[in-house]
Each structure stands twice: as structure tokens, then as C-alpha cells.
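Taking it in order: structure first as C-alpha cells, then the write-up.
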There are 2 protein chains.
Amino acid sequence: MKRKPNRVTSHVVAKLAGVSQPTVSRAFTPSASIAKDKRDRVLAAAKQLNYLPNSIASSLSKAHSNIVAVIVGDMNNPFYAESLEIFINRLQATGRQVLVFSVADGRDCDDVLMRALRYHVDGVVVTSAHLSSDLVSLSQGVGIPITLFNRSTADHALNAVLCNSITGSEILAQTMYDAGARRYLIVRGDPQGSTSRNRVKGFRDKLESLAVLPDAIEEIDGDSSYSGAFDTISERFADDGIQRPDAIFAVNDIMAMGCADALRDVFKLRIPEDVMLAGFDGIRPGQLAAYQLTTIRQPIEEMVEKTLELLDQTSMSDDDDETDQITQTDHLLAGTFVPGKTVPSTNI
Amino acid sequence: MKRKPNRVTSHVVAKLAGVSQPTVSRAFTPSASIAKDKRDRVLAAAKQLNYLPNSIASSLSKAHSNIVAVIVGDMNNPFYAESLEIFINRLQATGRQVLVFSVADGRDCDDVLMRALRYHVDGVVVTSAHLSSDLVSLSQGVGIPITLFNRSTADHALNAVLCNSITGSEILAQTMYDAGARRYLIVRGDPQGSTSRNRVKGFRDKLESLAVLPDAIEEIDGDSSYSGAFDTISERFADDGIQRPDAIFAVNDIMAMGCADALRDVFKLRIPEDVMLAGFDGIRPGQLAAYQLTTIRQPIEEMVEKTLELLDQTSMSDDDDETDQITQTDHLLAGTFVPGKTVPSTNI
DNA sequence: GAAATATGTGAATACGTATTCAAAGTTAAT
DNA sequence: ATTAACTTTGAATACGTATTCACATATTTC
């Protein structure tokens with residue numbers, strides 16, 4: 001594969017404009033000191049030659065690449081799709097490019113993280129995915145900051161941005177209790193994930209503080225997915241032997257939607273008259289007229305903003321700071337209660 | 001911002017392994033000719049030093065960057081979100097990285113295309129977005145192939161991959177006609193876009209061939225979005241003066257979902273008993289139990305595969321071919337009819 | 001008008017890898 | 001044993017931009 005013969009580089013532009021190559025470089029650097037007439041000459045020549053500065057070469061000589069990597073775990077969950085969109089828009093607006101990696105559900109993201117590091121990205125955002133401590137220390141050795149999004153970890157000292165799962169779940173528990181629910185069913189997500197665990201914990205603890213007996217709280221696995229929740233609910237409700245719950249808490253909206261459809265479609269149950277339902281996240285499809293989920297909306301924009309702030313701070317600071325001490329910062333943001341028609345507004 | 005002092009490059013690894021820098025490079029190139037013991041020595045040294053080959057530097061000396069840019073127009077439309085996911089997975093599986101750009105609805109994508117070109121990406125996929133002919137010729141000058149996805153254009157000679165909108169819409173028209181519909185309403189998407197235009201045309205033409213009078217076919221704008229369709233349908237049906245249609249064709253699923261919710265929620269109409277409804281795309285949420293849309297499913301996987309094939313072919317060929325003649329190739333793939341509950345299976 | 005300070009410019013070089021080329025070493029063939 | 005063919009290797013260099021440094025010119029100051 002032979003390379004294109006007539007590549008137009010800054011040298012070619014320089015020759016046409018009658019200046020040196022560094023001057024061409026300066027013409028494209030807003031902050032550089034260059035005479036106005038020379039800059040104009042250079043830009044004119046550049047336009048005439050269809051010259052585009054080579055960002056790859058630029059990244060090589062500069063310390064940063066202007067690329068941020070975003071590793072997305074579960075693209076099927078609209079929450080992460082929505083987050084990704086916002087990440088892209090924010091980064092694009094600040095002049096950076098986004099390298100997106102996808103990690104199959106449950107697989108660790110060491111492979112793609114390695115790829116990202118090779119590109120000397122300015123930072124890495126990890127949404128839903130597991131990463132080994134080897135890779136984390138490698139990234140710290142290379143000096144590339146990682147921030148976890150909607151996920152935290154005790155193992156590695158990593159920055160993380162998340163919504164307060166505990167408080168959010170407490171609100172839902174209280175709301176359902178107030179609406180008269182007495183038997184509860186929790187649909188778990190990834191049992192390993194911090195997010196699912198915290199939401200379950202917040203919900204449970206609140207109920208127990210309201211004197212609900214542990215016997216009256218049931219837990220099943222929903223696989224973090226629509227179909228997983230649909231199936232598990234179908235199975236649970238098909239069993240006539242066990243008393244049915246009168247309130248269901250799915251730890252995320254996409255599972256709550258699966259529950260809603262199973263309940264309505266398979267068992268002809270009305271929500272919330274026959275069974276209450278709540279989710280968590282505040283994803284867009286959950287608020288469509290067909291669902292109108294009761295949920296806790298995560299402040300995605302804020303979370304993204306905080307994530308990028310953390311990334312920038314970290315990449316700044318690790319130049320001064322020769323010691324490799326990473327101080328973990330968990331940014332807990334508050335979610336908003338979204339009353340839907342899935343929990344009755346009046347007490348029973 | 002001073003650069004990290006102890007960067008570990010191939011030179012450092014070479015010194016530790018007692019070989020030259022090119023040998024390190026070869027150790028990381030599977031196809032390179034290198035003695036097994038040397039490769040092992042190099043890899044051991046690399047591991048010990050936490051060495052990661054710098055892909056940026058590699059891109060600079062090689063002819064290609066291993067990066068493909070994907071420009072996504074309407075991230076709110078699950079069709080494009082699903083497509084993006086597949087693009088990412090396929091490209092990742094073939095060892096390439098994905099630079100994702102987002103373009104605000106309706107805005108042209110010249111700016112982001114330029115950014116992509118600067119990174120010397122191996123190819124660009126443009127989903128839903130307009131691009132100027134200036135930029136197209138620029139990209140051809142630089143030798144970076146562009147392929148349009150789910151969109152075609154007469155202006156520029158560009159490769160394009162799309163689903164056969166005409167045939168798909170004809171099937172829907174025929175189905176609705178057979179089910180007894182006599183008054184039709186078409187909900188348009190982007191009136192400029194080739195996709196929306198073709199779907200409208202296919203639907204209209206088929207109806208006219210069935211001797212449906214033009215008076216019985218109405219068209220309104222749905223803005224390509226859920227809420228746009230929701231609103232426009234609400235407005236149309238609020239007007240009691242005009243006779244209501246008995247069949248609605250939204251040119252994409254996300255609008256069909258908006259229609260469904262407006263019809264059911266605002267006007268208490270049953271689908272399909274009171275009014276038939278069909279969409280186009282086959283997006284996942286449209287097939288949830290809450291909607292069960294009648295639609296034409298686009299073969300996304302195939303379309304993605306074809307798009308990448310075209311991209312690869314083009315980037316190969318333009319080395320031999322010095323003339324800049326690009327032969328436009330439209331790849332028309334067939335969609336699959338998805339019978340939902342939104343068209344009655346029995347004739348009225 | 002001379003000295004002190006800005007300002008603008010180009011030559012040289014760094015960034016880290018891949019490739020070319022020629023030399024050296026190794027194996028096969030006669 | 002000797003030539004031929006092949007495999008490995010390192011020195012040198014290309015890739016295209018940004019930065020450093022020194023020099024030259026322009027502007028200010030007294």
C-alpha cells in the first residue's frame with residue numbers, strides 16, 4: 001500500500017506562502033505570536049492547497065492528544081446511551097474528540113482500556129464495566145487519569161461520579177410504604193455492581209426502619225436488562241404458590257419497563273392498581289406515555305460535567321505531584337423523584 | 001505543563017532487552033520476521049517496564065491510523081443508537097478504533113468532518129447529516145473515503161448503503177389497504193432527507209396504483225422525533241372538522257411510537273381497531289410489548305457490514321487509481337416485514 | 001539618537017514508531 | 001566445500017508538527 005504521492009504538509013504550505021514551516025504552525029495556533037499579514041498569507045495558501053493540519057503529528061509533539069476515551073458497558077441500557085450522547089456533545093464542544101469503546105456485558109474492559117492507553121488519550125471514562133487492578137496501576141504509571149461513571153469501587157483508588165443511590169432508593173421505599181404496600185419485591189441488576197448493591201441496600205434499610213419484616217422483602221435477579229426483568233417477573237408471578245408482592249422496585253428503569261410489560265401483557269395486572277412499580281435512572285423511554293414510570297432521575301448532565309471536571313483536574317495535577325498518591329473522590333449527586341402513574345398518588 | 005520525565009519508549013525497552021529499537025517494533029508486529037528468543041526477551045522487558053506501544057506515533061509513520069470516524073446525526077432516534085453500537089462492535093472486533101462525532105439536528109457536519117479528516121482516519125461513516133460538496137471534495141483530495149449510512153445523495157458522488165425504502169413502504173401500503181384502510185395519513189420525517197422522501201413516495205405510489213385517490217392521502221410533518229410526532233398527531237386529531245384517517249404511516253418507528261402514545265393516551269383510540277398504524281426501521285423499543293409496532297425492519301447488521309466493506313474497498317482502490325473518479329455505489333438491502341398488533345391481521 | 005525592550009522569524013530538533021537498506025549470520029543445495 | 005538463498009538484525013531515516021533558541025527587526029523610553 002503506497003502512500004499518496006502529493007501529500008500537502010505544513011512544509012508545502014510554507015513554501016507557497018514564502019515562510020518557514022514553524023510559521024505555518026503558528027498561523028494555526030490562535031495563541032501564537034505571529035504577524036497578521038503572515039498569518040493571512042499562510043491561511044490563504046493553506047486554503048488554496050486544501051491543507052489540513054495533521055492532528056496525529058500534532059499529538060505526537062504536544063503532550064496531549066485532545067482525545068478522551070469513553071468505555072461503555074451496556075449500550076442496551078438507554079441510560080448509558082443517553083450518557084454517551086452527552087459526553088460526546090460536551091467533549092466536542094470543548095474541542096476534544098471521543099474514542100468510544102464497547103465492552104460486552106460482564107467482560108472486563110482490560111483489552112479496550114489498553115487500546116485507549118496506547119493512543120495516549122487525555123483521560124478515560126469508564127461507565128459500566130469491570131477493570132483489573134493491573135490495568136489501573138498501569139494507567140496510573142502512564143499518567144492517564146480514569147474516572148468511573150455511575151459506579152464506584154473499593155479495590156482501586158479511582159475517582160468516581162455517581163448519583164446517591166441510597167437516598168434515592170429510600171425515597172422510593174418511603175413512597176411505596178406510604179401508598180400502602182406491605183409485600184415488596186426487589187429486582188436486582190448486576191449483583192457485583194456497586195450501583196445495584198447500593199440501591200438494594202437503601203431500599204431494604206429504609207423498609208426495615210419502617211418495621212417491615214425481612215420476610216416481606218423478596219429479591220430476584222433481573223440481569224440489568226429489559227428481557228431479563230421481563231422473564232424473571234414472568235417466572236415469579238407464574239408461581240401461584242407464593243404470595244404476590246404489592247410493590248416492585250427494579251433497580252433501574254430498563255428493568256422496570258420489562259416488569260411493566262410482563263405484568264400488563266402476561267398477567268393482565270394494572271399498574272399501580274394491582275401492583276406498584278418503580279425504577280431508577282429516569283431514562284427517556286421510561287417517561288413515555290406508555291410507561292410513565294415512577295423513578296429517581298439521575299442528573300446525567302451534572303454527572304457528566306463533574307466527570308469531565310475530575311478528569312481535567314487529575315490530568316493537571318499529576319504533573320506537579322510526583323508521588324503517585326491518588327486521592328479517591330466520590331462525587332455523590334442527588335437524584336430527583338419523578339412521580340409516575342406507577343405508584344398511586346393517594347394512599348390505599 | 002511539563003511532560004512526564006520517565007516516559008518508557010521503544011528505545012528504553014530496546015536498551016533493557018539488549019536489542020535495537022526496530023527490533024522492539026518488530027516484536028510487536030505479528031507479521032514481522034524476528035527470532036523467537038529475541039521477541040520473548042523484548043516482550044519480557046516490555047512487561048517489566050509497563051511499555052505500551054504509542055499508537056499515535058505508529059499512525060504517523062504508517063499510512064493508516066486504524067481509526068474510523070462515525071458521524072451520528074440523531075442520537076435520539078434509537079435506530080442510530082443501535083447502528084452506532086453495531087459499528088463500534090464490528091470495528092473493535094477488527095482491531096480498529098472508533099471516533100464518534102455528534103451533529104446537532106439539521107446542522108451540517110462540515111465542522112466535525114473536518115476534525116475527523118485532521119486525524120487522518122481510515123474512513124468516515126456519515127449517518128444522518130448533511131455535508132457540503134466542498135468538504136466532500138476535500139475528503140476526496142485527502143484520500144479519505146466517506147460512506148453514507150441510511151441516506152443517499154444525488155449531489156455528490158458518494159457511496160451509500162441503505163435499505164430499500166420504496167419496496168418496504170409498498171408492503172406497508174398494501175397491507176393497510178388489504179386490511180380495509182381507505183383514508184391515509186403519512187407522517188413525514190426530515191423533508192430534505194432522501195430516506196423520508198423515498199418512504200413517502202413508495203407508500204403514495206403504491207396507494208395510487210391501488211386506485212386510492214390523492215384526496216384520501218394526507219401528509220403532515222413529524223420532525224423525525226417522538227415528541228414531534230406526538231404533537232403533530234395531537235394537533236391533527238384535535239381538529240374535528242376534518243375526517244380522521246383510518247391508517248397512519250409514520251416514516252420511522254420513533255415517530256410511530258409518538259403517534260401510538262398520542263392516539264391511545266390523548267384520544268383514547270385503540271390500535272388497530274380504531275386506527276391502524278405502521279412505522280419503519282424495526283427499532284428495539286418499538287417491538288416492546290407496550291407497542292408491538294407493525295414495521296419494516298431494516299437489516300442493520302447487514303447494512304453495517306456492507307458499509308465497512310465499501311469503506312475498505314475504497315481506501316484500497318484509491319491508491320492504484322490516480323483519477324479521482326468515484327463511482328457511486330448504492331447498496332440497497334431488503335427490509336423485513338414485521339407484523340405487529342397495530343394492523344389487524346383480518347380484513348375488515 | 002542611543003539604549004532598552006518587545007516582537008516576529010527561521011534553523012534545528014524533539015516526539016516515538018515503522019520502514020528501508022545493507023550487512024551479517026544461517027541454512028540449503030550442489 | 002562452496003555457492004545460493006533465506007532469515008535476522010541494526011543504522012539511518014521518514015512521518016508532520018510544535019517548541020526551543022538565537023537572531024533580526026521594530027517599538028518604546030529617556
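Here is how names work: the chains are called A, B, and so on, in the same order as the sequence lines, proteins then strands, and each is numbered from 1.
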Expressed in angstrom and rounded to an integer, what is the separation of B:Arg118 atom CZ from D:dG16 atom C1'?
14 Å
I need the CG-P distance between B:Asn54 and C:dC15, as an integer number of Å.
12 Å
What about A:Ser58, does its side chain sit under 3.5 Å from the base of D:dT17 through a donor-acceptor pair?
no
Can you find a side chain N or O atom of B:Thr9 that sits less than 4.0 Å from OP1 or OP2 on C:dG16?
no
Would you please classify the geometry between the A:Phe79 ring and the A:Phe149 ring as parallel, tilted or perpendicular, with 30° and 60° separating the classes?
parallel
Heavy-atom nearest nucleotide on DNA chain D for B:Ala57 versus B:Gln21: which residue maps closer to 5'?
B:Gln21
Length of the NZ-C1' vector between A:Lys36 and C:dT7, whole Å
17 Å
Side chains of B:Ser20 and B:Thr23: is there a donor and an acceptor less than 3.5 Å apart?
yes
Give the rounded distance in Å between these two atoms: CD1 of A:Ile34 and P of C:dT9.
6 Å
Value in whole Å for how far the C1' atom of D:dT17 lies from CZ of A:Arg7:
14 Å
Given atom CD1 of B:Ile56 and atom C1' of D:dG16, what is their separation to the nearest angstrom?
13 Å
Look at the side chain of B:Arg26 and the base of D:dG10, then say whether one donor and one acceptor between them are separated by less than 3.5 Å.
yes
Between A:Ser61 and C:dA14, is there a contact of a side-chain N or O with OP1 or OP2 at under 4.0 Å?
no
Does B:Thr23 reach a base, just sugar-phosphate, or nothing at all? Heavy atoms under 4.0 Å.
sugar-phosphate
Answer with base, sugar-phosphate or nothing: what part of the nucleic acid does B:Ser33 contact at a heavy-atom distance below 4.0 Å?
base
Supply the atom-to-atom distance B:Tyr119 OH to A:Ser59 OG, rounded to the nearest 0.5 angstrom.
4.5 Å
Which of these nucleotides, C:dT17, D:dT9, C:dT9, is closest to any side-chain atom of A:Lys38?
C:dT9
Atom OH of B:Tyr51 and atom C1' of C:dT17 are separated, to the nearest Å, by 7 Å
Side-chain donor-acceptor pair under 3.5 Å between A:Arg7 and A:Thr9, yes or no?
no
Counting heavy atoms from C-beta on, name the nucleotide in C:dT17, C:dG10, D:dT8 closest to the side chain of A:Pro22.
C:dG10
Could you state the NE2-P distance from A:His11 to D:dA14, rounded to the nearest angstrom?
12 Å
Is there side-chain contact between A:Leu131 and A:Asp110, with at least one heavy-atom pair below 4.5 Å?
yes
